[in-house]
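A short write-up of the structure that comes next.
Only a predicted model underlies this, so the values are computations on that prediction, with no experimental measurement involved.
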Amino acid sequence: MMAWLQSVAAPLMPHLMIAPILLPLVMACLLPFAGERRHGTKVVLGLTATLVNLLIAILLLAGAEHGQQPSAYGVYLPSNWDVPFGIVLVVDRLSALMLVVAATVSLAALLFATARWHKAGAHFHSVFQIQIMGLNGAFLTGDLFNLFVFFEVMLAASYALLLHGSGPARVKAGLHYIAINLVASSLFLIGASMIYGVSGTLNMADLAARIPQISAADRPLLHAGCAVLATAFLAKAAAWPLNFWLVPAYGSASAPSGAMFALLTKVGIYVLLRLSTLLFSPDAGASAGFGHEWLIWSGIATLAFGAIGTLGTQRPTRLAGFAVIVSSGTLLATLGLAQPAITAGALYYLPSSTCAAAAFFLLAELMDRARTPDPSAQRAPEDEQDYLPYAMADQELRSGSNLDDDQTPLVGEVIPASTALPGIAFIGCTLLVAGLPPLSGFVGKFAMLSALLGAGDAESISTTQWLLVGLTLVSGMFALIALSRVGIRFFWTPVDRQPPVLRVVEYLPIALLLAVCVVLTVRAEAVLRYVDATAQALYQPEDYVDAVLSARPLPTATNADRLAMPQLQRSP
């Protein structure tokens, strides 16, 4: 199957690279013309576009793996200008992986929203498509300026999604969320301006080529600009202490919005990984390894904060938010170590933890709904509370007998599907978040810990690595305790109401995300090969730089004279 996909995707790569940006943009512009009340038409159009987006992402992933070459890159010049002056889009193994993860979660979130959330506010489908466009653009762009553009597109859509459905809690959390992200955007601009002032370029590949040539007098200013830029992405990646906004904001958002927000932290992780391996590789001269130590300790602090927060809350939505923080802390710390084997384990863990957190956000709504008192529940009248059948039943239950209020034996009674199916999904989410076998959460953590402990004998393993191993294990134990406590409360404790109605369209996206994690488990060997090749390519950035800088625009009638001119020098 993969061989067939690779044969199909390889010739289409130059034409498909713009599609993940163009498709949701066009659909977002067309959806308002469907009218405010034609919800069915919007659902069909939105789901079709999102499904096609997933298919395109899969084809791009297959194309990036074509020929099993770690250095397989696709470069697209939308403006048809020379690098580094024009816009450039780049597809490699990492960006293709992120596209598939984003498309999968987006499809599940939109499918869940079609049950009722898409009617809770105006222009939901258009905003959702803009969110997809911003995510895809951030993963595909090859320069910092357009990264900022897609970053703002993504954030503008997330503001609307966070406030979707209204309510005081969403408005309060939304103000904090908007404020922190506006500050992060300002830091992004300041950092990018400082980098441009020193290097004269914002193209990532060109930056990687110029950084070794930066003079010693200008290098501190370059590092300061990179640090300011990294602060903006650390805030988006939910790094401690910049993550105070995340749990209240994500916990108050609607379920499909929360599932989408599980992707936003991964944008920060992606950019930090991309820039740290590209700009501060061993070939970067005096800048080699800049910021790695900060990433490690920031990740460790974030992981500890998330683990303690997980143990200290009992609300499912807040648990899902802390699960996102734990995932971000684990990834930040492992990426800061800058070792290909550890990074490969982290890249396997990334899609698994993202799908698990997104599924948990969707499941949390079903759990809260199951515990909400039902005003239509039938209870015995006040004057019949002491009537013999009710009194006898209450006495029998208190004495430990196996009878319900109607004197019916409980053993052998069928559990309603609306209770059993969320319970099964909750068990799956618990295994994934806690990193227990047999699902992919365990495989990802095992791969990272094996790389951490397999770098040499016990004496050669640093204190930092031992600390990260211990925190990873403790965070899993804390997650297991917290989730077990919540599971007992929501699924074992009896509640005086009828089982809630569970629609297929609400459970199907949760099952889809968990099924992806099952596939990651069953196909773990193939996925680990893919992420290992991805990590190897990331730590050999010269192939990325050569692929981008060697890209040439297509000759046209309007650029023939320009292409005939000698190539401009790229000296700083």
Side-chain angles (χ1 to χ4, degrees), residues 61 65 68 70 93-94 96-98 100-101 104 265-266 269-270 272-273 276-277 292 295-296 299-300 302-303 306-307 323-324 326-357 428-458 460-462 464-477 479-480 513-514 516-540:
L61 184 141
E65 197 185 10
Q68 303 294 325
R93 289 174 176 268
L94 178 61
L97 175 65
M98 299 304 297
V100 172
V101 174
T104 302
T265 55
K266 301 308 183 287
I269 297 292
Y270 165 82
L272 289 170
L273 174 60
S276 64
T277 56
H292 287 172
L295 284 180
I296 295 172
I300 289 175
T302 304
L303 179 57
V324 171
V326 169
S327 171
S328 293
T330 304
L331 291 169
L332 283 173
T334 52
L335 299 182
L337 293 170
Q339 298 180 22
I342 300 175
T343 301
L347 291 177
Y348 180 94
Y349 173 76
L350 186 150
S352 173
S353 62
T354 305
C355 290
C429 289
T430 299
L431 295 176
L432 289 166
V433 173
L436 297 177
L439 295 182
S440 55
F442 170 76
V443 179
K445 285 191 175 182
F446 184 81
M448 288 186 291
L449 295 179
S450 297
L452 281 168
L453 300 177
D457 54 26
S460 65
I461 301 174
S462 66
T464 304
Q465 289 175 286
W466 281 117
L467 178 60
L468 181 56
V469 170
L471 272 177
T472 302
L473 297 176
V474 169
S475 67
M477 182 183 66
L480 178 61
L513 292 172
L514 296 179
V516 170
C517 296
V518 172
V519 172
L520 288 174
T521 307
V522 175
R523 300 289 297 168
E525 183 179 0
V527 178
L528 285 171
R529 282 200 304 268
Y530 181 92
V531 295
D532 182 67
T534 303
Q536 295 294 336
L538 285 172
Y539 290 100
Q540 297 173 2

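Evaluated for a side-chain contact (heavy atoms from CB on, under 4.5 Å) with Leu452, the options Leu337, Thr464, Thr472 yield exactly one hit, Leu337. A side-chain contact (heavy atoms from CB on, under 4.5 Å) with Leu335 is found for exactly one of Leu273, Leu347, Ile342, namely Leu273.
Interatomic distance, Leu432 CG to Thr521 OG1, rounded to the nearest 0.5 Å: 7.0 Å. Taking CG of Leu94 as the start and OG1 of Thr534 as the end, the distance is 7.0 Å to the nearest 0.5 Å. Atom CG in Leu331 sits 7.5 Å away from atom OG1 in Thr354 (nearest 0.5 Å). Note that CZ of Arg523 is 7.5 Å distant from CZ of Arg529, once rounded to the nearest 0.5 Å. Taking OG from Ser352 and CG from Leu439, the interatomic distance works out to 8.0 Å, rounded to the nearest 0.5 Å. Note that CE of Met477 and CG of Leu436 are 11.5 Å apart. Values are rounded to the nearest 0.5 Å.
Closest of all the heavy-atom pairs between Met448 and Gly345 is CG-C, 3.4 Å. Across every non-hydrogen atom of Gly336 and His292, the tightest pair is O-CB, 3.4 Å. Taking all atoms of both residues into account, the shortest heavy-atom contact from Met98 to Tyr270 is CG-CD1, 3.7 Å. Listed here is the closest heavy atom pair of Gly299 and Leu332: CA-CB, 3.7 Å. The nearest pair of heavy atoms linking Val326 to Ala307 is CG2-N, 3.7 Å.
In this model, no donor atom of one side chain and acceptor atom of the other lie less than 3.5 Å apart for Tyr349 and Thr334.
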(request) Starting from the C-alpha separation in whole Å, work towards a yes-or-no answer on side chain to side chain contact (heavy atoms under 4.5 Å, CB included) for Leu473 and Leu449. (result) CA-CA 9 Å; Leu473 297 176; Leu449 295 179; 3.8 Å; yes
(message) Assess the residue pair Thr330 and Lys445 against the criterion (side chain to side chain contact (heavy atoms under 4.5 Å, CB included)); give the C-alpha distance rounded to whole Å, side-chain angles, the decisive distance to 0.1 Å, and a yes or no.
(response) CA-CA 9 Å; Thr330 304; Lys445 285 191 175 182; 5.5 Å; no
(request) Evaluate side chain to side chain contact (heavy atoms under 4.5 Å, CB included) for Lys266 paired with Val101, printing each intermediate quantity in order. (result) CA-CA 10 Å; Lys266 301 308 183 287; Val101 174; over 6 Å; no
(request) Give the intermediate values and the outcome of side chain to side chain contact (heavy atoms under 4.5 Å, CB included) for residues Ile296 and Leu468. (result) CA-CA 9 Å; Ile296 295 172; Leu468 181 56; over 6 Å; no
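Ser440 has its side chain out of reach of Val519: every pair of non-hydrogen atoms, C-beta onward, lies at least 4.5 Å apart.
Applying the side-chain contact (heavy atoms from CB on, under 4.5 Å) test to Ala96 and every residue at least two apart in sequence or in another chain returns Leu61, Ala64, Val91, Tyr530. Remark: Thr265 pairs with Ala238, Leu246, Tyr250, Val324, Ser328 by the side-chain contact (heavy atoms from CB on, under 4.5 Å) rule, at least two apart or across chains. The ring-ring contact (aromatic ring centres under 6.0 Å, His included) test applied to Phe446 returns Phe442, not counting sequence neighbours.
Side chain of Tyr348 to main chain of Leu520: a donor-acceptor pair is present (N/O by atom type, distance under 3.5 Å, no hydrogens or angles). At distances below 3.5 Å, not a single donor-acceptor pair connects side-chain atoms of Ser327 with backbone N or O atoms of Ala323.
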